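None of the values given here were measured: they were computed from a predicted structure.
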Amino acid sequence: QVQLVESGGGLVQPGGSLRLSCATSESIFNIYIMGWYRQAPGKQREMVATISKGGTTMYADSVKGRFTIYRNNAWNMVYLQMNSLKREDAAVYCCDANYNDWGQGIQVTVSS
C-alpha cells in the first residue's frame with residue numbers, strides 16, 4: 001500500500017494560485033497512475049487531474065488550462081499547480097495512487 005501525504009493547501013483569493021504537493025512512500029516509478037481528486041461539501045468526489053507512469057495527463061474540463069499536474073521522479077512527488085483559482089475550486093483535495101491508495105486530503109479555500 002502506498003502512503004501519500006498532501007501539503008500546500010490553504011486560503012487563497014479568487015484569481016490566485018496554489019501548488020499542492022503529494023509525497024509518496026515508494027518510488028514513483030512503481031506507481032502506474034497518480035491523480036488529484038477533490039470533494040466539496042455536499043458534492044461527490046471528482047477527478048481533477050491524473051498523470052500516468054508514462055507522463056500522460058488528463059484533466060477535468062473545469063480545470064483545463066488553469067491546473068497542471070506534474071511529477072518529480074527523483075523526489076517521488078506529484079504536484080498540482082492551480083492558477084486562476086475560482087470560488088468553485090474550493091474543496092478538500094486528495095492525492096491518489098493507482099485508484100487505490102489515498103492521502104488524507106487537504107483543504108483549499110478560495111475566498112476574498
Side-chain angles (χ1 to χ4, degrees):
Q1 189 172 7
V2 180
Q3 305 297 319
L4 304 167
V5 179
E6 301 98 339
S7 60
L11 172 65
V12 63
Q13 292 186 343
S17 298
L18 277 178
R19 188 182 75 163
L20 303 183
S21 301
C22 176
T24 70
S25 62
E26 66 175 74
S27 172
I28 203 167
F29 290 109
N30 295 331
I31 300 173
Y32 174 70
I33 190 164
M34 294 200 66
W36 285 95
Y37 292 74
R38 68 186 181 188
Q39 187 167 18
K43 295 187 177 181
Q44 289 189 333
R45 184 170 61 192
E46 63 173 347
M47 184 275 289
V48 177
T50 62
I51 184 166
S52 73
K53 186 175 180 179
T56 301
T57 57
M58 292 185 64
Y59 296 92
D61 288 343
S62 59
V63 307
K64 282 181 181 176
R66 300 188 297 122
F67 291 11
T68 303
I69 186 171
Y70 62 100
R71 307 181 318 198
N72 183 317
N73 293 336
W75 292 97
N76 295 326
M77 298 285 292
V78 175
Y79 303 94
L80 184 68
Q81 178 66 45
M82 304 186 294
N83 299 329
S84 302
L85 281 160
K86 304 176 181 180
R87 296 181 189 278
E88 52 264 39
D89 293 319
V92 174
Y93 284 71
C94 290
C95 180
D96 159 75
N98 294 329
Y99 306 118
N100 184 64
D101 301 316
W102 298 87
Q104 290 195 340
I106 193 164
Q107 181 71 49
V108 171
T109 302
V110 184
S111 176
S112 54

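Panel note: side chain Glu6, backbone Cys95; a donor-acceptor pair is recorded below 3.5 Å. Within the 3.5 Å criterion, the main-chain N or O of Asn76 finds no donor-acceptor partner in the side chain of Asn72. Between the Lys53 side chain and the Asn30 main chain, no donor and acceptor come within less than 3.5 Å of each other. A donor-acceptor contact shorter than 3.5 Å links the side chain of Ser52 to the backbone of Thr56. The backbone N or O of Met34 lies less than 3.5 Å from no partner atom in the side chain of Asp96, so there is not a single donor-acceptor pair.
Across every non-hydrogen atom of Met77 and Ser21, the tightest pair is CE-CB, 3.7 Å. Heavy atoms only, all atoms of each residue included: Gln39 and Lys43 are closest at NE2-O, 3.1 Å. In terms of heavy-atom proximity, Gly103 sits nearest to Cys94 at O-SG, 4.1 Å. Considering all non-hydrogen atoms of both residues, Ser84 and Arg66 come closest at O-NH1, 2.9 Å. Residues Ile31 and Ala97 approach most closely at CG2-CB, 3.9 Å, considering heavy atoms. Of all heavy-atom pairs spanning Arg71 and Gly54, the tightest one is NH1-N, 4.4 Å.
To the nearest 0.5 angstrom, Trp36 atom CH2 is 12.5 Å from Tyr59 atom OH. Here CD1 of Ile69 is found 12.0 Å from CD of Gln81. Values are rounded to the nearest 0.5 Å. For the atom pair OH (Tyr93) and CD (Gln107), the distance works out to 9.5 Å, reported to the nearest 0.5 Å. Of the inter-residue distances, the one linking Met47 atom CE with Tyr99 atom OH reads 8.0 Å to the nearest 0.5 angstrom.
The closest side-chain heavy-atom distance from Ser111 to Leu11 is below 4.5 Å. Here the side chains of Leu85 and Phe67 are in contact, with some heavy-atom distance below 4.5 Å. You'll find the side chain of Arg87 reaches within 4.5 Å of the side chain of Ser112, heavy atoms only.
Other residues, nucleotides and ligands contribute only 12 or fewer heavy atoms inside 6.0 Å of the OH atom of Tyr32.
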| message | Under the criterion side chain to side chain contact (heavy atoms under 4.5 Å, CB included), I'd like the reasoning laid out for Ile51 against Ile33: C-alpha separation, chi angles, the key distance, then a yes or no. | response | CA-CA 6 Å; Ile51 184 166; Ile33 190 164; over 6 Å; no

| task | Check step by step if side chain to side chain contact (heavy atoms under 4.5 Å, CB included) holds for Glu26 and Asp101. | result | CA-CA 12 Å; Glu26 66 175 74; Asp101 301 316; over 6 Å; no

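Following chains of ILVMFWY side-chain contacts shorter than 4.5 Å, one cannot reach Leu18 starting from Val92, and the two form parts of different hydrophobic clusters.
The residue from Leu80, Asp89, Leu20 that alone fulfils the side-chain contact (heavy atoms from CB on, under 4.5 Å) condition with Val48 is Leu80.
Taking the six-membered ring for Trp and thresholds of 30 and 60 degrees, Tyr37 and Trp102 have ring planes more than 60 degrees apart, a perpendicular arrangement.
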